[in-house]
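Scroll down for the structure; my scribbles are underneath it.
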Amino acid sequence: MGELSKAYEPVLVEKKWYGSWLDKKHFVADEKSGKPAYAIVIPPPNVTGMLHMGHVLNNTIQDMLARRSRMDGCEVLWLPGTDHAGIATQVMVEKQLKKEEKKSRHDLGREEFLKRVWVWKEKHGDIIINQLKKLGCSCDWSRERFTMDAEYSRCVQKVFVELYKKGLIYRGKRMVNWCPVSQTALSDEEVEMKPQKGFMYHFKVQVDETPETWLTIATTRPETIPGDTAVAVNPKDPRYAHLIGKHIVRPLPAELPHSQKLIPIVGDEHVDFEFGTGVLKVTPAHDKADFDIGARHKLPLIEVINADGTMNALAGELLAGLDRFKARKVAVELLTEQGVMIEAKPYENNVGFSQRADVPIEPRLSEQWFLKYPAVEESRACVNQQMTFGGKPLEAHLLKEKLDTQPAPNAAIGISDLVGNVNYSTGKMQFHPDRWAKVYDHWLSNIQDWCISRQLWWGHRIPVWSGLLSGASIFSLLGGVLKMAALNGVTPEEFEKTVLTIDGNIISCDLNSLDFACAQLGQCEADHRIIVCSSSEMLGQHLVGIGLDQDPDVLDTWFSSWLWPFATMGWTGDKQVDGQNAMLKKFYPTSDLVTGPDIIFFWVARMIMAGYEFMGEMPFKNVYFTGIIRDKQGRKMSKTLGNSPDPLELIAKYGADALRFGTMRTAPLGQDVLFDEKDVEQGRNFCNKLWNACRFRQLQGACHSSPDPLRHGAHLSPFAKDILWKLDATVSKVRSAYESYHFNEVTQALYDFVWGDFCDWFIESVKSDFQDGCLLQRKEATLETIDFVLHVALRLLHPLTPFITEELWEQLGFSGGTIQFAEWPKTDAKFQAQEFVSAHGQVTACFSAVSKARNLRAEYGIASNKRVRWIFLPTDPSFWADAECDALKTLLNASTLDIQKERDLPKGTPVCLTEIGELALPLEGLVDFAAEQERLNREIAKVVDDLAKTDAKLSNPDFAAKVPPAVLEEHRQRFKNLSMRKAQLEQRLKDLA
RNA sequence: GCGCGAUUAGCUUAGUGGUAGAGCGCGUGCUUCACACGCACGAGGUCACAGGUUCGAACCCUGUAUCGCGCACCA
C-alpha cells in the first residue's frame with residue numbers, strides 16, 4: 001500500500017475496479033440465494049442509442065439502489081438490456097445503406113435488409129452497454145437481454161396469440177396516425193401536438209338547388225377539398241338547417257363534370273355553430289372527426305393523399321403528384337382563380353406531429369392491428385391513487401364514517417352513488433412522487449385501443465398467416481399441415497393456442513374439429529379465406545409452403561418492451577413451466593422501477609397491464625420517476641440544439657464518480673434537473689476532498705482495519721464524540737433519504753458531513769492531537785475515531801461513488817475485502833448517549849465561538865496566515881483541559897492562547913462574547929477606539945432587535961397560553977441569553993470610554 | 001378548456017408551522033506541513049402578489065399573476 005497521490009486520479013482506478021468487479025462476478029444475481037430479493041429491470045435503452053444525461057441520472061439512481069441493497073444483505077438482480085427501437089434502427093440502417101451503397105431497403109429485399117440490420121446490431125449494439133459500464137453500473141451483464149433475442153421474440157409471439165385468441169387483438173380498417181416520412185402507422189402516444197402558424201381559409205360554395213345561395217366554409221386544409229364528400233351543418237343552426245338534403249358544388253378538382261362535383265349537405269350535431277362559419281367540409285378519408293361523420297351519414301370515402309404525403313390523381317390533374325403542403329398553396333391559387341376564395345386569415349392551431357420524424361401526421365385510413373388493453377381495472381386499482389370524495393382527498397378510515405353519517409339523504413343518492421364517487425385503490429404500488437398516479441389514472445381511464453402494427457421490416461413480425469384456399473386445398477393441404485404440426489415439431493401448447501379462422505369462423509385447433517371442418521369444406525370448390533394465428537414458427541413455414549402469406553407488418557416496439565419485467569426472466573407463458581422458474585419466483589415482482597415520466601404511458605402503464613394479464617401480479621412495487629434533464633436555460637436536451645453534453649467526455653474529464661455525484665446532488669425528487677457542468681466539477685472536487693481526507697489520515701500511520709473508537713472510553717475527546725454523534729445522525733439521514741427516494745438528500749447529507757463536519761471542523765480541531773507532546777492515548781483514540789468515521793462514510797458513499805470508495809477502502813486497509821458487500825451502515829444508539837449529546841452541544845458552542853473569533857480577526861484586518869495571541873476567559877473552565885485548549889488554539893490559528901480566570905484586559909481590547917466565554921484579541925496599542933465602539937454598537941443594535949422580537953412574542957398573552965411548553969421554554973431561554981448578551985456588550989462599550 | 005408543477009440571494013436551489021440554509025458566482029485576505037479540485041472571512045433574501053386561518057406562515061387555505069409540463073381539442 002503506497003502513499004496516496006496528492007489528487008484523486010479516477011481513470012486508472014475506474015478501469016481497475018470495474019474489471020475486478022466483473023472478474024469476480026460481483027454483479028451476478030443468484031436466484032437460488034436465501035437472501036431477500038431486490039430486483040430492478042433497466043429501462044432498456046435503444047440499441048442505437050448513445051448515453052445521454054438522462055441515462056446518467058436514471059442509471060445512477062438504479063445503481064445506487066442496487067448497490068445499497070447489495071450492502072444491505074439482499075440478493076440483487078439488476079437486469080440490463082436494450083430494445084430494438086423499430087423505427088430508429090431501421091431508419092439508421094437505411095441511411096447508411098443509402099450513403100454507402102446508394103440503395104434503398106426495397107433494393108435489397110426484406111430478408112437481406114434484415115441481415116444488414118443484424119450486422120449493424122452486432123457491430124454497434126453494445127455501444128450504450130459499454131457506456132453504462134463506464135458509468136459504473138452494477139448490472140448483471142450475464143443476463144443482458146435484447147427485445148429481438150429469439151427467446152424474447154417467442155414471448156412476444158405468445159402474447160400476441162393469446163390476446164388474439166381472447167379477441168383483444170383484432171384487425172380493422174381505421175383512421176390511424178400516419179407518418180408520411182416513416183410511412184407507417186403510429187400509436188396515439190407517438191403523436192405530439194404542436195401549435196403551428198398557418199391560415200384559416202374562407203371560401204364559398206354554391207348550393208346547387210338554389211344557385212343564388214352561397215355558403216362560406218372555413219378550412220385550414222384546402223388541399224383536401226377534392227376528398228370532400230359532404231358539407232355538414234348543425235341541424236339546430238337556424239341559418240343552415242333548411243339546406244340539409246340539398247347539395248353544394250365542390251370547387252375542386254375543377255376539371256370534373258358538374259354532376260361529379262355535387263356533394264350533399266348533411267346535418268350533424270358535431271358541428272359547432274360558433275366556430276368558423278358553422279359550415280364544415282367533410283373529408284372522411286383524411287380526418288378522424290370527418291371519418292366519424294362520414295360513417296354516420298354513409299358518405300363515400302375519397303382518398304386523395306398517398307402514403308408518402310403526395311397528392312394522387314383523384315385530387316385533380318393540377319394537384320396530383322404534389323406534396324401535401326405544396327398542394328395547399330396550389331389549391332388556394334385554384335380557388336382564387338375561380339373567384340371563390342374569400343380570405344386567408346393568419347391562424348394558429350395545434351397539429352399532430354410524428355414524434356420520430358417531426359413532420360405533421362396524416363390521418364389515414366388503413367388496415368391495422370389493434371389491441372384492446374387487458375387488465376385495465378386491476379392496473380388502475382393497484383396504484384397509490386388517493387381516494388377522493390367529492391373531489392377532495394379522503395382518508396381510508398373516514399370512508400366508513402362518511403357512509404355512516406351520510407346515508408342516502410334522499411332516495412336518489414344511495415350507497416352506490418357514494419361509492420361511485422369514491423375513487424378507491426388498493427395502493428399496492430407506489431409512485432414517487434405520487435402525483436404521477438393521477439396522470440396515470442387519467443390516461444388509463446380514457447384509453448383508446450392501441451394500434452400495434454407498424455409498416456416496417458425491423459421488429460417482431462405479426463404471427464398471422466392468411467390467404468385464400470379452395471375447399472380441396474383446405475382438405476388436402478391445410479389439414480395436412482396442421483395435423484403434421486400437431487403430431488411433430490409444434491408443442492401441444494402452441495398447437496392448442498393456434499387460432500384458425502375459416503371465412504370468419506373460428507375453428508378449434510384440436511384434431512377432431514379440424515377433421516370435421518376440413519371434411520366439410522373439402523366438399524365445396526369455392527375459395528375460402530383462411531387466417532391462422534400461431535406462435536409456432538415451424539407451422540408458419542409450412543403455411544407459407546401451402547400458399548398462405550404472413551402479415552407483412554411488425555409490432556410496435558413497445559409491444560415487446562411492455563413484457564420486459566418477466567420476458568427477461570425466462571417467462572414462457574406456460575403456467576407449469578413458469579411455476580418452476582426460479583428467476584421469476586425469486587425476482588418477480590421486481591422491487592423498484594426507475595424511469596422518466598415521459599414514458600409513463602408508453603411503457604410504465606403498459607407494463608403494469610401486461611404484468612397483471614400474463615403474470616397475474618404487478619411487475620414492480622415502486623416506480624420512481626426522475627426529472628427531465630435540461631440545460632442551464634431550462635431547455636430540454638436535444639441533438640439539434642447541441643446542448644446535450646457527452647457523458648463520456650465528462651467522465652474522461654472529471655471521473656465517473658464526479659459525474660454521478662454532481663448529477664445526483666442537483667436532482668431533487670420530482671423536479672426537472674438543470675444541468676450545469678459546474679455540478680460535475682463540484683463532484684470532482686468532492687471526490688478530491690474525500691481523497692485528501694484519507695490521505696491526511698494515511699500520513700498519520702496505518703489505519704485500524706475494523707475500527708472501534710468506543711473502546712478508548714474516557715480518552716475520546718469531545719471533538720471525537722461530536723463527530724461520532726454527527727456521523728450517526730448522517731447515517732440516519734441517509735437511510736431515511738433512501739427510504740423516501742430523496743436521492744439528492746442522500747448526496748447533500750454526505751457532502752455536508754464529509755466536507756463540512758469532518759474536513760472543515762473535525763480534522764482541523766484534532767490536528768493538535770497529533771503534535772508532539774500530546775497524550776498518546778488521546779492521539780490513538782482520535783485516530784481510531786477518524787478510521788471509524790471513514791469506515792462508515794465510505795460505505796455510505798459507496799452506492800453513490802463506487803470507484804473512489806472501493807479504492808480508498810483498499811488503500812486504507814479496511815478488512816473484509818470489497819466494500820461492495822460491506823455492511824450498509826446502521827444507526828447505533830450508543831452514539832446518542834448523554835455524553836455524546838452533551839459533547840455535541842459543547843463542540844457546537846466551541847465552533848460557533850471560533851467562527852465569531854475569526855470574524856473579529858478579519859474585521860481587524862489580520863491576514864489569515866498571521867498568528868496572533870488570543871486571551872480566553874472560559875465560562876466553564878473545567879472543560880478546558882490542555883488538549884481542548886490546543887484544539888481551540890489550532891482552530892483560531894493562534895500563536896498563543898492565554899487562559900484568564902479573572903478579567904484583566906488592556907483597555908479597549910476587542911472581545912467577542914460567545915457561549916464558551918470571552919475571546920479577546922489583544923492588539924497592544926493598536927486599538928482603534930472609534931472602530932471598536934462602532935463594532936460594539938452594531939452588535940448591540942442587532943441584539944436589541946432580536947430581543948424586541950422575542951419580547952413581543954413573550955408578552956403576547958395568547959402566546960404563553962397556547963404555545964407548546966418546549967417552544968415557550970425555548971423563547972424564554974432565548975430572551976435570557978439575549979438580555980445577558982446585551983448587558984455584556986454594553987459593559988464592553990462602557991469599558992471603552 | 002382540464003389537470004399537474006414551479007415562483008426563496010446575481011444563478012441553481014434546500015427548507016411541512018417556532019430567529020431564512022447551501023453550492024456556484026462575487027468581494028477581501030491567505031503558496032497555514034491532506035487538499036488552490038484548497039482555506040478563512042464577508043456582502044447579498046419585504047421567501048411572486050392579495051386575502052384568510054393561527055399566539056406565530058416561506059410552509060396550511062382561497063384567489064391572482066407569471067413560467068413550465070401533460071391531456072383534450074373546432075374544421
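For clarity, every value in this text was computed on a predicted model and none was experimentally measured. Residue numbering restarts at 1 for every chain, and letters A, B, ... go by the order of the sequence lines.
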Heavy atoms from C-beta onward define the side chain here; which of B:C39, B:U32, B:A75 lies closest to that of A:Asn893?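 It is B:U32.
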What's the closest nucleotide to the side chain of A:Phe696 if the choices are B:C37, B:C74, B:A34?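 Ranking B:C37, B:C74, B:A34 by closest atom to the A:Phe696 side chain puts B:A34 first.
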For [N], take OP1 and OP2 only and decide whether either is under 4.0 Å from a side-chain N or O of [X].
X	N	answer
A:Lys678	B:G25	yes
A:Arg854	B:C41	yes
A:Asn956	B:G56	no
A:Lys767	B:A34	yes
A:Asn349	B:A75	yes

For the base of [N], is there a side-chain donor-acceptor partner from [X] under 3.5 Å away?
X	N	result
A:Asn688	B:C35	no
A:Glu764	B:A34	yes
A:Lys6	B:C35	no

So what is the 5' to 3' dot-bracket string for RNA chain B, if pairs are Watson-Crick or G-U wobble with both distances under 3.5 Å, crossing pairs use [ ] and | means the partner sits on another strand? (((((((..((((....[..)))).(((((.......))))).....(((((..]....))))))))))))....
Ring of A:Tyr751, cation from A:Arg665 - is the NZ or CZ under 6.0 Å from the centre and inside 45° of the axis?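 Yes, cation above the ring, under 6.0 Å and within 45°.
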Could you tell me if A:Lys767 sits above the aromatic ring of A:Phe696, with its cationic atom closer than 6.0 Å to the ring centre and no more than 45 degrees from the axis?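 Yes.
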Treating primed atoms plus P, OP1 and OP2 as sugar-phosphate and everything else as base, which nucleotides of nucleotides 4-14 of chain B get B, S or - for protein heavy atoms under 4.0 Å? SSS-----SSS
Which part of the nucleic acid, if any, lies within contact of A:Asn446, taking any heavy atom under 4.0 Å across all strands shown: a base, the sugar-phosphate backbone alone, or nothing?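 Here A:Asn446 touches no strand at all.
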Heavy atoms only, 4.0 Å cut-off, all strands: where does A:Cys759 land among base, sugar-phosphate and nothing? base
For A:His442 and B:G70, give me the distance from atom NE2 to atom P, rounded to whole Å. 15 Å
B:G23 and B:U32, which share atom name P, separated by this distance in whole Å: 22 Å
